[in-house]
Amino acid sequence: MKLTDPDNEKKGREREEEEQSFLQKPIMTKILLGVIAVLLICILVLLTIVASNRKNSEDKTDQDLQQSITDYAKEQQDLEEQVLEEEEPAAVEPLPEETEEEEEPEEEDEEELVSADNEKTAIVVDIEDENDEAYTKEYILKEAYPFFADNNQEAIWDLAHLKRYVKLSKGLEGSGDYYYQGDVNSEGKPHGTGLAIYEKNSYYFGEWSHGVRNGKGTWFRFYINQKNKTNAMGIYMSHSYSGEWAGNLPNGQGAEHYDVDISKLAPTQGRILQNVVGSFRNGLYDGDLYANTVDYIGNVQEWDGIAEEGVFKLWRDMSAIGECSVWRYRDDHSVCLDIDKSENKNQGIRELLK
């Protein structure tokens, strides 16, 4: 028979319980971690389901809203069409066709005038209706004055070639009169600065004294549709003088100028006078003079001359053949320009002497 010590038996049980308790702790921990993991997975799945349901709900709401808007718009359109159908009369008679077409106004020829700095200065219209106000001398003088005052020669050229300007000038032929706008004295005569229009498409702008051209001024004449001996068969397009005046004629220093159409020149025609600069007396050449000429290819040459009251000093004696050498070539004094001996008188701006 085996004897057992009660104390030892008790101690043995306690040891076994401790061993069992030690073995159970890891198992419980693993179980708890597993439970927590399962709970987390459940929570994530639940959140995913909730989010998906919410998105589907929002999408459905948007679709429903869009559908509602579309349906509303369609309903409104149908309603408007219905109202229009109710208001439209049962029958509509066609409007009678117009028997006459409304005439459109004719386009008038317009030309922009441009100043030297290329800025627009005016629009000139060549009026078709001769009863229009633009045909009156008052209108034309007022229209032209600022361009002459600015010495805008391109604009002056364009204006002078308008048929209403030509017509106004032609109406003065043979009368000895002129139209004037500008300063006047107590007697109503031109005195100060003003513009005058003469016959034969001629103009003067500048200073006046008691009814005559006096001081500084510019005279123009335009050869419009003029092809005769005087105009060298259309070679010259215009003639002008700018400088000092006295007693209604060029007196003092000035410059004479011709606009030349070199396309009308032929090789056999030689040189054409273009500019004469120097001293004038009563419209005649008087004193030392400078001139230049141009030929059919545009070649420009310079010449010297000396005159006394319209009679040239001769550079060489050509009397035996009846010619006068009146202009001497600046680059070669042995080369001269000759005129007929009978023409060596009253040389100057002859159109102003008539």
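Predicted, not measured: the structure shown is a model, and the values here were computed from it. Position 1 is the first residue of the sequence; numbering continues from there.
A donor-acceptor contact shorter than 3.5 Å links the side chain of Asn251 to the backbone of Asn282. With hydrogens and angles ignored, the 3.5 Å screen pairs a side-chain donor or acceptor of Ser202 with a backbone N or O of Lys200. A distance-only check finds a donor-acceptor pair linking the side chain of Glu244 to the backbone of Gln253 [under 3.5 Å]. A donor-acceptor pair is defined here as one N or O able to donate and one able to accept, closer than 3.5 Å; no such pair exists between the side chain of Ser238 and the backbone of Arg221. Judged purely by atom type and a 3.5 angstrom limit, Glu173 has no side-chain atom pairing as donor or acceptor with the backbone of Lys170. The main-chain N or O of Glu309 is found under 3.5 Å from a side-chain atom of Asp286 such that the two form a donor-acceptor pair. Without hydrogens or angle criteria, Ser175 side chain to Leu172 main chain gives a donor-acceptor distance under 3.5 Å. A donor-acceptor pair is defined here as one N or O able to donate and one able to accept, closer than 3.5 Å; no such pair exists between the side chain of Asn248 and the backbone of Val212. Judged by distance alone, the side chain of Gln301 and the main-chain N or O of Val294 form no donor-acceptor pair under 3.5 Å. Not one N or O on the side chain of Glu256 forms a donor-acceptor pair closer than 3.5 Å with the backbone of Tyr241.
Using a cut-off of 4.0 Å between Lys/Arg side-chain N and Asp/Glu carboxylate O, Glu143 and Arg164 are scored as salt-bridged.
Distance check, rounded to the nearest 0.5 Å: CG of Asn299 to OG1 of Thr293 gives 7.5 Å. The line from CG of Leu284 to CZ of Arg350 is 9.5 Å long, rounded to the nearest 0.5 Å. In this structure, Arg328 CZ and Leu337 CG are separated by 12.5 Å, a value rounded to the nearest 0.5 Å. Separation of atoms CD (Glu343) and CG (Asp340) is listed at 5.0 Å; rounding is to 0.5 Å. To the nearest 0.5 angstrom, Ile156 atom CD1 is 5.5 Å from Asn151 atom CG.
The distance between the ring centers of Tyr236 and Tyr258 falls below 6.0 angstrom. In this structure, the ring of His333 has its center no less than 6.0 angstrom from the ring center of Trp315. A ring-centre distance under 6.0 Å is found for Phe148 and Tyr203.
By the 30° and 60° cut-offs, the orientation of the rings of Phe205 relative to Tyr145 is perpendicular. Taking the six-membered ring where the residue is Trp, Phe222 and Phe220 present parallel rings, their angle staying beneath 30° rather than reaching 60°.
A search for side chain to side chain contact (heavy atoms under 4.5 Å, CB included) contacts involving Lys167 returns Glu130, Tyr135, not counting sequence neighbours.
Applying the ring-ring contact (aromatic ring centres under 6.0 Å, His included) test to every pair with at least one member in residues 288-309, sequence neighbours left out, gives these pairs: Trp303-Tyr329.
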Check the pair Ile197, Leu141 against side chain to side chain contact (heavy atoms under 4.5 Å, CB included), reporting the backbone distance first and the verdict last.
CA-CA 8 Å; Ile197 300 178; Leu141 285 165; 3.7 Å; yes
Going through the distances and angles, do Cys336 and Trp327 end up as a side chain to side chain contact (heavy atoms under 4.5 Å, CB included)?
CA-CA 5 Å; Cys336 295; Trp327 296 104; over 6 Å; no
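The ring-ring contact (aromatic ring centres under 6.0 Å, His included) with Trp245 is formed by just one residue from the set Tyr204, Trp208, Phe280; it is Tyr204.
Side-chain contact annotation: Glu351 with His239, donor-acceptor N/O pair under 3.5 Å present. A donor-acceptor contact under 3.5 angstrom links the side chains of Asn275 and His257, judged on distance only. For the residue pair Ser325 / Asp338, a side-chain donor-acceptor distance below 3.5 Å is found, with atom types taken as modelled.
Other residues, nucleotides and ligands contribute only 12 or fewer heavy atoms inside 6.0 Å of the NZ atom of Lys313.
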